[in-house]
**Q** 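Let me give you the structure first, and then I'll get to my questions.
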Amino acid sequence: MADTLAPSRPRVTGAGRPAPRRRPLSTSMLPRRSGLAVAVFLVPPLLLYGAAVLLPIVQSLILSLFEWDGITALKFVGLDNYVKMFTRDDVFWTAFGNALGYLAICLVLQLGGALAVAGLLTALPRARELVKTLYLLPAVISTVAIAFLFIRIYSLEPVGLLNQLLGWVGLEGLQTAWLSNVQTVLAAVSIPEGWRFTGLYMLIIYAALIAVPKELEEAARLDGASWWQTFWRIRFPYIRPVWITTTVMATTFALRGFDIPYLLTNGGPGQSSELLTTYMYKTAFVHTDYGYASAISVFIVVECLVAVGLIFLLLRRKDA
């Protein structure tokens, strides 16, 4: 008992001298030189990010406090551009509502389609690489090519592919000019964007699904769990971090979507497919009101930040 309570003695070497004590390990994860090397390699991309992303945001924030047509001198108006945006501009609120509808359709197509295809791929015994390549192909096609492709698909005169399919199945009454009909145009410009990036998100989710331990799924099946219970209780919690990241990417990309809606309809007919991004572009480069366009751009940035915050609030589960 006394030996147990006695303090530990220094280890003695064969020569009778106490062995030198080992130096405690450094609490730093990297040696000083390695930390310096990491800092040296991180500084250039951080400077580039600041110059290409943060600086334009700050410039837009400052310019939003002015009235400027790009030629004459700046005229300070304070928060008047924001007051106009929220209280005196009906087109802004129409574009905001369209942007939310555009976002909802894109998320359903991209995330829902990506999850469904990724789940099917995990059960596909052959030709996985071919299927993944076919689904990823739209993400590498030019945006202009995609826009012209869907113009032909939606066309009524000459009859496009969609209207031809409706005629073949006996639904001629549903044939319409999809990009000219105010009831269908918003969905028509949203579908190409959703179709374009479904393959990209499918690859991300598929990589997360195949990393789920098979033992957990097999144990759940042996316990009598259904397919849905296995997915919801085992697969989805395991891929939750990847799902959050994918949702953030899809949401921010959709809120900043511009090229395909602009190429397909330019916001028309009327303002039926006008988005905040297309409205900002036309305000700046058609009406040459750069101060007000900057205020809209600041709102888009804040909108994206709020959306990301809501995603983390709703989807992120704290560890018990």
Side-chain angles (χ1 to χ4, degrees), residues 48-49 52-53 56 95 98-99 101-118 121 127-165 177-181 184-207 245-269 272-286 293 297 300-301 304:
L48 182 62
Y49 177 81
V53 178
N98 292 338
Y102 181 84
L103 170 65
I105 296 173
C106 288
L107 289 183
V108 170
L109 292 177
Q110 292 174 352
L111 299 181
L115 183 61
V117 175
L121 276 179
R128 291 183 182 178
E129 301 302 324
L130 176 61
V131 174
K132 288 190 288 186
T133 302
L134 292 176
Y135 271 92
L136 187 61
L137 189 62
V140 298
I141 298 177
S142 168
T143 302
V144 177
I146 293 176
F148 278 106
L149 171 66
F150 275 87
I151 287 175
R152 295 298 301 270
I153 291 175
Y154 291 139
S155 175
L156 182 61
E157 292 293 339
V159 180
L161 177 61
L162 181 56
N163 287 318
Q164 285 182 359
L165 292 175
W178 299 92
L179 294 176
S180 301
N181 188 336
T184 61
V185 64
L186 184 60
V189 300
S190 304
I191 289 173
E193 183 75 13
W195 170 77
R196 179 186 180 191
F197 289 112
T198 298
L200 176 62
Y201 301 134
M202 176 270 297
L203 280 182
I204 298 174
I205 297 174
Y206 173 73
T245 302
T246 307
T247 305
V248 169
M249 292 173 57
T251 301
T252 53
F253 286 168
L255 290 176
R256 295 182 288 114
F258 167 78
D259 43 6
I260 290 181
Y262 183 80
L263 291 169
L264 287 177
T265 63
N266 195 17
S272 300
S273 62
E274 191 81 84
L275 305 179
L276 290 176
T277 50
T278 59
Y279 184 47
M280 176 193 67
Y281 177 85
K282 288 189 284 187
T283 301
F285 299 106
V286 176
S297 69
I300 294 174
V301 172
C304 291

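These numbers come from the heavy atoms of this one structure, side chains and all, not from hydrogens, waters or symmetry mates. Because the structure is predicted, anything quoted here is derived from the model rather than measured.
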**Q** Judged by atom type as modelled, is there a donor-acceptor pair below 3.5 Å linking the side chain of T277 to the main-chain atoms of G257?
**A**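 Between the backbone of G257 and the side chain of T277 there is a qualifying donor-acceptor contact (under 3.5 Å).
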**Q** For the residue pair P192 and L264, what are the closest heavy atoms and their distance?
**A**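 Shortest heavy-atom contact: CG-CD1, 4.0 Å.
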**Q** Taking S272 for its side chain and P269 for its backbone only, find out whether a donor-acceptor pair lies under 3.5 Å.
**A**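 Checked: pair present.
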**Q** Evaluate side-chain contact (heavy atoms from CB on, under 4.5 Å) for I260 paired with V189, printing each intermediate quantity in order.
**A** CA-CA 7 Å; I260 290 181; V189 300; 5.6 Å; no
**Q** Which atom names give the shortest non-hydrogen contact between L111 and A250, and what distance separates them?
**A**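 Shortest heavy-atom separation between L111 and A250 comes out as CD2-CB, 4.1 Å.
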**Q** Do the side chains of W178 and L162 get nearer than 4.5 Å, heavy atoms only?
**A**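 A side-chain contact under 4.5 Å exists here.
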**Q** So, does N163 use its side chain to make a donor-acceptor pair with the main chain of S155 at under 3.5 Å?
**A** yes
**Q** Quick one: does any side-chain atom of T198 pair with a main-chain N or O of G113 as donor and acceptor, under 3.5 Å?
**A** no
**Q** Which value, rounded to the nearest 0.5 Å, describes the distance between L179 atom CG and I151 atom CD1?
**A**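 One gets 7.0 Å once the value is rounded to the nearest 0.5 Å.
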**Q** Heavy-atom distance under 4.5 Å between the side chains of F253 and Y201, does that happen here?
**A**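 Result yes, sub-4.5 Å side-chain heavy-atom pair found.
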**Q** Which heavy-atom pair separates A254 from Y102 by the least distance, and what is that distance?
**A**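 It is O-CE2, 3.4 Å.
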**Q** Would you indicate whether the side-chain heavy atoms of L109 and W195 approach each other to under 4.5 Å?
**A** no
**Q** Pick one: which of M202, M249, Q110 meets side chain to side chain contact (heavy atoms under 4.5 Å, CB included) with F197?
**A**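 Output: one option passes, namely Q110.
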**Q** So, taking the atom named CD1 in I205 and the one named CG in L200, what distance separates them when rounded to the nearest 0.5 Å?
**A**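 Answer rounded to 0.5 Å: 10.0 Å.
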**Q** In chain order, what residues pass the salt bridge (Lys or Arg N to Asp or Glu O under 4.0 Å) check against E274, with sequence neighbours excluded?
**A**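 Once residues adjacent in sequence are excluded, the partners of E274 under the salt bridge (Lys or Arg N to Asp or Glu O under 4.0 Å) criterion are K282.
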**Q** With rounding to the nearest 0.5 angstrom, report the OG1 to CD1 distance, T245 to I204.
**A** 8.5 Å
**Q** Applying salt bridge (Lys or Arg N to Asp or Glu O under 4.0 Å), name anything that partners E129, two or more places apart in sequence or on another chain.
**A** K132
**Q** List the atom of P138, the atom of I146, and the distance in Å for their closest heavy-atom pair.
**A** O-CD1, 3.6 Å
**Q** Once you round to the nearest 0.5 Å, how far does OG1 of T278 lie from OH of Y262?
**A**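 Interatomic distance, T278 OG1 to Y262 OH, rounded to 0.5 Å: 9.0 Å.
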**Q** Any donor-acceptor pair under 3.5 Å linking the side chain of R128 with the backbone of L121?
**A** yes
**Q** Specify the closest pair of heavy atoms between Y279 and T283, including all atoms of both residues, with the distance to one decimal.
**A** O-OG1, 2.7 Å
**Q** CG of L203 to CG of L136: how many Å apart, nearest 0.5 Å?
**A** 5.0 Å
**Q** Just so I know, are the side chains of T251 and T247 near enough to count as touching, which here means a heavy-atom distance under 4.5 Å?
**A** yes
**Q** CG/L276 to CG/L255 distance, rounded to the nearest 0.5 angstrom?
**A** 8.5 Å
**Q** Less than 4.5 Å apart, side chain to side chain, heavy atoms only: is that true for L161 and R152?
**A** no
**Q** Check whether any side-chain heavy atom of I191 sits under 4.5 Å from a side-chain heavy atom of Y154, and report yes or no.
**A**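 Yes, close enough: below the 4.5 Å cut-off.
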**Q** Among all residues two or more places apart in sequence or in another chain, which pass the side-chain hydrogen bond (donor to acceptor under 3.5 Å, both in side chains) test with T265?
**A**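 With neighbours one apart ignored, the set is S273.
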